[in-house]
Amino acid sequence: MEKIIQKLKSKENIGMLLLIIFSLLGVTLCVSLTDSDELWVFQNIYKMYNGFQIYIDANVICTPLFFYLGNILFHILGANFFVLRIYNILIFTFFYFITYKILRILGIEKKVSTICILLLIMFGDYMFPRIMANYNTLAVGLCLLGIYLMLRKECEINYKTILLQSIICFLIILTKQNIGIFYFIALSIIILLNKKDNKIKAIIEEVIILVLLGSIFVFFLKLNGLLDGFINYAILGINQFATDNINISWLNIFIIISILLVNLGTSIFMIRKGSNIIDDKQRRCFIVLSSFSTLLSLTAFPIVNTAHSYFAIYVAIIEIIYIVNMIFKKSEIRIRKIDKILKIILLILVLVDIIINIYNFCLWYKYVFFESNYKYEEPFFGTIIDNELKENIENVVSFIQEKEEEGEDVIVFSSKAALYMVPLKESNGFYDMPFNGNFGRLTEEDIIKDLKEKENTLVLIEKEEETDTNWQENKNIKEKIKNEFDYIGSIENFEIYSFEI
């Protein structure tokens with residue numbers, strides 16, 4: 001009987017994995033190329049693939065695990081956008097599968113859990129999987145793994161738990177430092193609330209493990225000559241990033257606060273009522289979910305857009321599902337034929353999901369294998385590029401190549417720089433991502449001075465009439481280039497500037 005149960009569980013897991021992969025495949029592959037997070041992520045991993053170094057040639061402002069894993073995948077499968085999107089599918093499959101396992105361990109039945117997963121994937125026309133491969137997704141996915149492992153052990157706090165959770169916390173810190181720090185604080189709160197004795201000792205053990213692992217990481221950076229660059233971009237640049245990139249949606253803040261208040265209020269009420277409403281296991285589950293959901297919600301700042309808000313409140317969404325499920329189970333309301341209704345909802349969602357993904361996959365396959373002339377060995381293989389952008393890339397790349405043959409360097413000071421540096425397999429360091437907060441310790445004056453000291457160098461900035469320039473670009477530096485450098489012409493959507501001493 002135990003063997004049969006294990007086989008059934010295994011089939012459930014395999015079935016859910018296949019459903020999630022299929023739900024991500026078509027909609028993830030069929031995405032057009034723009035100057036977005038996906039392009040910048042690809043550029044940085046592609047630099048590493050071509051022998052450039054993170055924190056030296058790539059101004060990455062977060063910790064490096066996501067980029068190293070991407071580089072490994074590029075070396076195994078090839079370096080192109082198709083492989084990057086496979087990376088995205090792997091990350092989101094892990095992300096949603098762990099979510100499913102958490103829902104199941106919280107006592108939510110299979111059909112309801114599956115419906116929740118499909119709704120989370122399909123929300124906003126698959127808005128979040130289409131963010132593409134991203135360190136935020138990987139970091140929150142690791143948080144979910146830590147939460148699942150803690151819930152599976154019924155939130156028991158012992159040395160093995162602290163060791164395992166500290167390792168997971170360190171991996172999260174290696175993926176995105178602020179999410180890792182909030183995870184550490186939440187974990188410490190759980191230890192204080194759940195452990196009956198030796199609480200301080202347990203937290204000290206957690207800190208010691210993190211310090212030891214952190215020392216190994218610092219030694220690795222020092223050994224590879226990356227420590228100064230890491231400090232420059234991932235530590236010193238954070239303050240500027242946090243102050244210069246504030247982008248607040250008050251609607252998203254309202255949603256975050258509302259969800260947190262509902263969760264915290266319900267959790268406190270449930271816990272205070274004790275055994276009259278919930279048992280000890282459920283109490284510990286509430287402590288874990290509330291601690292993590294509250295702390296991780298702070299990761300929405302400073303860019304409180306829809307994507308950041310979604311990841312920030314993701315654990316809170318799981319807690320809401322848990323609360324609603326618990327209230328429904330404990331109420332005396334009985335809905336007739338509820339099982340049949342759930343089956344119909346699930347069937348509709350699966351059918352819609354199948355149709356959308358097959359349609360998107362066919363569109364992508366038609367473009368990549370019949371309309372696009374990019375080969376697998378080329379970086380743009382696997383993505384969709386409209387003819388206008390394709391022509392733009394070819395013309396600007398040809399211009400840069402011509403100038404390089406004449407002995408002149410070209411810096412594209414724009415969020416679109418990666419469109420041209422990627423096919424050229426070149427790097428202009430931090431100039432390839434000229435965003436607020438991505439310059440480390442350098443000031444705007446330092447950058448202008450550096451540009452002026454470069455010999456035989458042309459600087460390309462987007463024309464004023466361009467309306468799709470990225471809001472994170474440093475506008476002050478662009479204005480100084482216009483005012484202090486000589487305008488010598490234009491190419492496509494760029495003005496060309498040079499500085500003569």
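Basis for what follows: all heavy atoms, side chains included, without hydrogens, waters or symmetry-related copies.
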Could you measure the distance from the [atom1] atom of [X] to the [atom2] atom of [Y]? Nearest 0.5 Å is fine.
X	Y	atom1	atom2	answer
Glu408	Leu458	CD	CG	4.5 Å
Met433	Glu473	CE	CD	11.0 Å
Thr93	Ile91	OG1	CD1	10.0 Å
Leu39	Leu84	CG	CG	10.0 Å
Leu120	Met122	CG	CE	11.5 Å
Ser415	Asp432	OG	CG	12.0 Å

For the ring pair [X] and [Y], is the centre-to-centre distance below 6.0 Å?
X	Y	result
Phe92	Phe95	yes
Trp364	Phe82	yes
Phe381	Phe81	no

Would you call [X] and [Y] a side-chain contact if the rule is heavy atoms closer than 4.5 Å?
X	Y	result
Phe74	Met48	no
Ile384	Val31	no
Met16	Leu19	yes
Phe217	Phe170	yes
Ile477	Phe439	yes

Going by atom types alone, do [X] and [Y] pair a side-chain donor with an acceptor below 3.5 Å?
X	Y	value
Asn178	Thr299	no
Glu319	Ser293	yes
Tyr376	Glu378	no
Asn493	Asn392	yes
Glu484	Tyr497	no

Checking salt bridge (charged side-chain N to carboxylate O under 4.0 Å, His left out) for the pair Asp57/Lys47: CA distance, chi angles, key distance, verdict? CA-CA 8 Å; Asp57 304 294; Lys47 283 185 179 183; over 6 Å; no

Take atom [atom1] in [X]; do more than 12 heavy atoms of anything else shown fall under 6.0 Å from it?
X	atom1	result
Tyr359	OH	no
Lys425	NZ	no
Glu371	CD	yes
Phe369	CZ	yes
Phe219	CZ	no
Glu445	CD	yes
Glu406	CD	yes

Contacts satisfying side-chain hydrogen bond (donor to acceptor under 3.5 Å, both in side chains) that involve residues 21-30 (not counting sequence neighbours) are Ser23-Asp353

Nearest non-hydrogen partners of [X] and [Y], listed with the distance:
X	Y	result
Cys169	Phe184	SG-CB, 3.7 Å
Ile168	Gly146	CD1-CA, 3.8 Å
Val368	Thr383	CG2-O, 4.5 Å
Phe380	Leu419	CZ-O, 3.6 Å
Ala79	Tyr46	CB-CE1, 3.7 Å
Ile147	Tyr183	N-OH, 4.1 Å

Are any side-chain N or O atoms of [X] and backbone N or O atoms of [Y], one a donor and one an acceptor, separated by less than 3.5 Å?
X	Y	answer
Ser297	Thr294	yes
Gln177	Thr63	yes
Asn474	Phe435	no
Ser498	Asp486	no
Asn428	Val410	yes
Asn80	Val83	yes
Arg130	Asp125	yes
Arg441	Ile231	no
Asp450	Asp446	no
Lys375	Asn373	no

Looking at Tyr374, does the NZ or CZ of Lys390 lie under 6.0 angstrom from its six-membered ring centre and within 45 degrees of the ring axis? yes

CA sep, side-chain torsions, deciding dist, call: Tyr487, Lys482, side chain to side chain contact (heavy atoms under 4.5 Å, CB included): CA-CA 7 Å; Tyr487 171 78; Lys482 289 181 179 181; over 6 Å; no

With sequence neighbours left out, write down each residue that passes ring-ring contact (aromatic ring centres under 6.0 Å, His included) with Tyr148, or none if nothing qualifies. none

Considering residues at least two apart in sequence or located in another chain, which fulfil the ring-ring contact (aromatic ring centres under 6.0 Å, His included) criterion with Tyr55? Phe230

Throw together a table of side-chain donor-acceptor distances under 3.5 angstrom for residues 131-143, partners on residues two or more places apart or in other chains.
{"unit_1": "Asn134", "atom_1": "OD1", "unit_2": "Asn136", "atom_2": "N", "d": "2.7"}
{"unit_1": "Asn134", "atom_1": "OD1", "unit_2": "Asn136", "atom_2": "ND2", "d": "2.9"}
{"unit_1": "Asn136", "atom_1": "OD1", "unit_2": "Lys176", "atom_2": "NZ", "d": "2.7"}

Partner set under salt bridge (charged side-chain N to carboxylate O under 4.0 Å, His left out) for Glu206, not counting sequence neighbours: none

Would you please test Tyr87 and Phe66 for side chain to side chain contact (heavy atoms under 4.5 Å, CB included) and show each step? CA-CA 10 Å; Tyr87 190 21; Phe66 168 83; 3.4 Å; yes

Residue pair Ile488, Glu495: steps toward the side chain to side chain contact (heavy atoms under 4.5 Å, CB included) verdict: CA-CA 8 Å; Ile488 61 173; Glu495 295 176 342; over 6 Å; no

Evaluate the side chain to side chain contact (heavy atoms under 4.5 Å, CB included) criterion for residues Phe499 and Val459: first the C-alpha distance (whole Å), next the side-chain angles of each, then the deciding distance (0.1 Å), finally the verdict. CA-CA 9 Å; Phe499 183 78; Val459 182; over 6 Å; no

Can you name the residues that form a side chain to side chain donor-acceptor pair (under 3.5 Å) with Ser166, not counting sequence neighbours? none

